[in-house]
Amino acid sequence: MRKWICIICCLFILSGCVEKRIIDELNIAVATGFDPDTSDEHLLKTTFLMQIFNKEMSVENKTVTTSGDLRRETLYKANRQSPSPIVVGGLRLTLYNIAIAERGLTPYVDAYQRDASIGKRIYFATTDSSTEEILKGEYGPQGNGTFISDLIDHNIEYGDLPKTNLTLFMRDFYQEGKDVFLPHIKKINEQEIELDGISLFKDHASYKILPSDKLFYFKLLVDRYSKGDFAIDLPDGEKLAIKSIHSSHKYKLDTNNPTNITIKIKVQGNIKEYSGNNLNDDKIKEITKFIDKKIKNECTALIQSFQEDNVDPIGIGKEYSTKIRNFDYEEWKKGYPDLNIKVDTKVVILDIGTSI
Amino acid sequence: MIPLSIWDKFKKIKDDGWKSLLKQSTDFQSTYYFNEKTNERFGFHFYATLVDEQIIQESALPALLTKKFESLDDLHKIVPIADIHILKNPKDIEQKLLNGYVLVTLDSDKNRFGFIAAQKEIVRSLSQPEIEFSVIGPKEAFVEAIGQNLNLIRKRLPIKELISQEYTVGKLSKTKVAVLHIEGITNKDNVDTVKQRIRNIEIDTISDSSNIVELLSDNSNSLFPQLLDTERPDRVAAILAEGKIAIIVDGSPHVLIAPTTLIEFFSAFEDYFLNWIVATFFRLVRFFAVVFSVLVTPVYVAAMTYQYELIPPDLLGILVTSRRTIPLPPILEALFLELTIELLREAGARLPTKVGQTIGIVGGIVIGTASVEAGLTSNVLLIFVALGALGSFTTPVYKMGNTIRVLRFPFLLFAQFWGVLGIVFCFCILIAHLLRLTSLGRPFLAPIYPLRLADMKDTLIRTPLQKMSKRPQVLRTQKPKRFNKKKAETPKDIDE
């Protein structure tokens, strides 16, 4: 009985130790952006984007920008401009100015990893323009944070963006055998932004932007399509739109000579639109062959450029490490540019004219 | 052989003793008549309120007056009533009189007493079940009279193995309690436990079977009822056949069933009248409703006070806007609404039905909408609380419904003090308590713990009747098999 009284007393007395955060007394940040400080006094300029919910359910964007040397320091400074404490548990998106990304994301990733209140499915993205300007725009009634994260979200599901979020980013960030990449966003004007490719990282720092027209081939190599579409110019001047693409890829290692690796890509889709007149079986065969070749060439070119730069966003090193016993990553890294990587594609046109 | 003089003396004292006390009651009547044939004086003593005067006037009295009545043994011959006793011990007089017998004394046979049964049965007619109402299925419910209730059960189980043993409980109320089981099926230990506990009950009055529940429970401090009460004879018959024990208490329209499990409290008997898929769906809905009802406000309070990260981003806007103007912290807001619902329920239960309807309207419309408009509570919480209240009313057994309603308040407190962690902590305490709980020494949480996969056929889901060919393992019945499963599953058509 005394034990029970003790436990119950503790419950009530110690309840003061838990920090109360009542929802309407918080300023919940939905997005943050990191820029280099222009005045050169500090290292960082952080922009916090908060949502202010109106009675009519529309969302007002409110940003606070502060400078500092540490990430937390900017947060403490931002609280001076806020009516209630700014908390980061509602974060959906973090933008990095490309200059910050070029310095390396290690300190940021570490901070995000340690903060338990931050969801692990949030998005990271890089941008050429200042993140402050991007977050200050007016893109839609749902609020900028939601707008940008939804933009990335649906491009992953239906578009050419390979799957990315904080969990996947962190996994690739810390593991040997794969370099990370992040979606790259461009601001068009005050009301519009667009997805402008992928920024590739080398040794935890951004080094190159992969333009959006290469994204289709990049996604074929690193991810799989479950829904998607793409258009292609045929050699005879006609155009073709393909819908509901399914794709998958497989690695095949030559067991006799491990420097040979084949990536088998399988693409399935329906022809949705064709600018030519007649689409008979012969024509389809011809088209299939053409797409096959096109994908093969583009993918090979991509891989070759990665090999030249000695980066591995596809994760070929990871593939090797799972297949080879006593895998020495450092040694493999040296030999990576000379690997003989072949792409084997198989394109299947399932149907024409209809779409599922 | 006792000398006659002493016997006479003893009897005289006793005689006067019982008579003087009985005569204080105005409804005790004592009259003397003379037999026409023998001119013998005989006395009629009875409680006018307990006996059926029609029986006296039409059967007993005319026979005794007109036919030859010489000794008390003649009662058997001349009175056309089966239940006649001739006893010697004056101690029996009080009990018999109070049970509605008429005491017949004969002047020439003073050592013996004759008793003629003339009980007045005040019974109400059978009515529809009110608490466990079902759209389809039998529409009979138990009444207060024990005899009538036994009749309802025996009609459904016309076998000699159905044993009914009667006990008298309560020093003053002398309530009749009957223990029913099926010999050859029910576990003997269980029957003995029930009988022993009923014999050991030390109390003055029993008002209802609920008192028996409290006195028989393994842990009377528990929030959970450990004996199932039902007003449906069909349910009692089915459960007896399953190998459980029924306890009928005179004066109570609720028959108790033991041993029981937690799961049984959430199964409505109507489940067995519906298609098994439909019934399973309803059961799952019911379980969801209970969990929802207990946890919805605590989770709301926890999320609003501590774990705002849990709230989906799309919901955040709605919650923040609804709470913006509320001056109360989430816990007070939740307690305010929960207490409002409790007040409404309590007021509705205490008031006569017709006034009760107005309470519903006042509560639902006026208090609900007005408090939202006044900005005292958020409309989102109002929906949650109302849904939670609705969920708690879906439990088929009324007593369990009450438990569910009370259960959310500790959860609320823990949610306020510790957030989601507190809810988990409270849940652990609840699970620990349920694990320790027993009903007649049988685990209350069976068949979930201890896990009895074979018994799972009638828990969260209800499988087809043919599949339930075995009695619950946890009951350790004498005959584990109910029927031949193979024969039940392969119905033969006439042309095969």
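The sequence lines fix the lettering, A, B, ..., with proteins before strands; numbering per chain opens at 1. Treat the numbers as computed from the prediction; the structure is a model and nothing was measured.
- Around atom OH of B:Tyr398, no more than 12 heavy atoms belonging to other residues, nucleotides or ligands sit under 6.0 Å away.
- Atom-to-atom distance recorded for B:Glu309:CD and A:Ile23:CD1 is 10.0 Å, nearest 0.5 angstrom.
- Between chain A and the residues B:Gly419, B:Gly317, B:Ala303, B:Pro329, the most heavy-atom pairs under 4.5 angstrom are made by B:Gly317.
- Note: A:Lys20 leads A:Lys20, A:Gln51, A:Glu19, A:Glu25 in heavy-atom pairs under 4.5 Å with chain B.
- Residue B:Tyr449 places its OH atom among 12 or fewer non-hydrogen atoms of other residues, nucleotides or ligands, all under 6.0 Å distant.
- No more than 12 heavy atoms of other residues, nucleotides or ligands sit less than 6.0 Å from atom CD of B:Glu214.
- In this structure, B:Phe427 places its CZ atom where only 12 or fewer heavy-atom neighbours from other residues, nucleotides or ligands lie under 6.0 Å away.
- Heavy atoms of B:Ile318 lying under 4.5 Å from chain A belong to its backbone as well as its side chain.
- In A:Tyr158, the OH atom is not crowded: 12 or fewer heavy atoms of neighbouring residues, nucleotides or ligands sit closer than 6.0 Å.
- More than 12 heavy atoms of other shown residues, nucleotides or ligands fall within 6.0 angstrom of atom CZ in B:Arg345.
- Distance CD1/A:Ile22 to CD1/B:Ile326: 12.5 Å, rounded to 0.5 Å.
- The line from OG1 of B:Thr321 to CD1 of A:Ile52 is 12.5 Å long, rounded to the nearest 0.5 Å.
- Distance check: B:Trp418 CH2 to A:Leu14 CG gives 5.0 Å after rounding to the nearest 0.5 Å.
- Neither the backbone nor the side chain of B:Leu421 comes within less than 4.5 Å of any heavy atom in chain A.
- Here the closest non-hydrogen pair linking B:Phe425 and A:Ile7 is CZ-CG2, 4.5 Å.
- Of residues 109-139 of chain A, those residues with a non-hydrogen atom less than 4.5 Å from any non-hydrogen atom of chain B are, in numerical order, A:Ser117.
- Interface residue A:Leu26: only side-chain heavy atoms are found under 4.5 Å from chain B.
- For residues 63-88 of chain A, the interface with chain B (any heavy-atom pair closer than 4.5 Å) comprises A:Val87, A:Val88, sorted by residue number.
- Here the side chain of B:Tyr308 pairs no donor or acceptor atom with the backbone of A:Arg21 at under 3.5 angstrom.
- Contacts of B:Tyr306 with chain A are made by both backbone and side-chain atoms, with heavy-atom separations under 4.5 Å.
- Sparse packing is recorded around CZ of B:Arg436, with 12 or fewer heavy atoms of other residues, nucleotides or ligands lying under 6.0 Å away.
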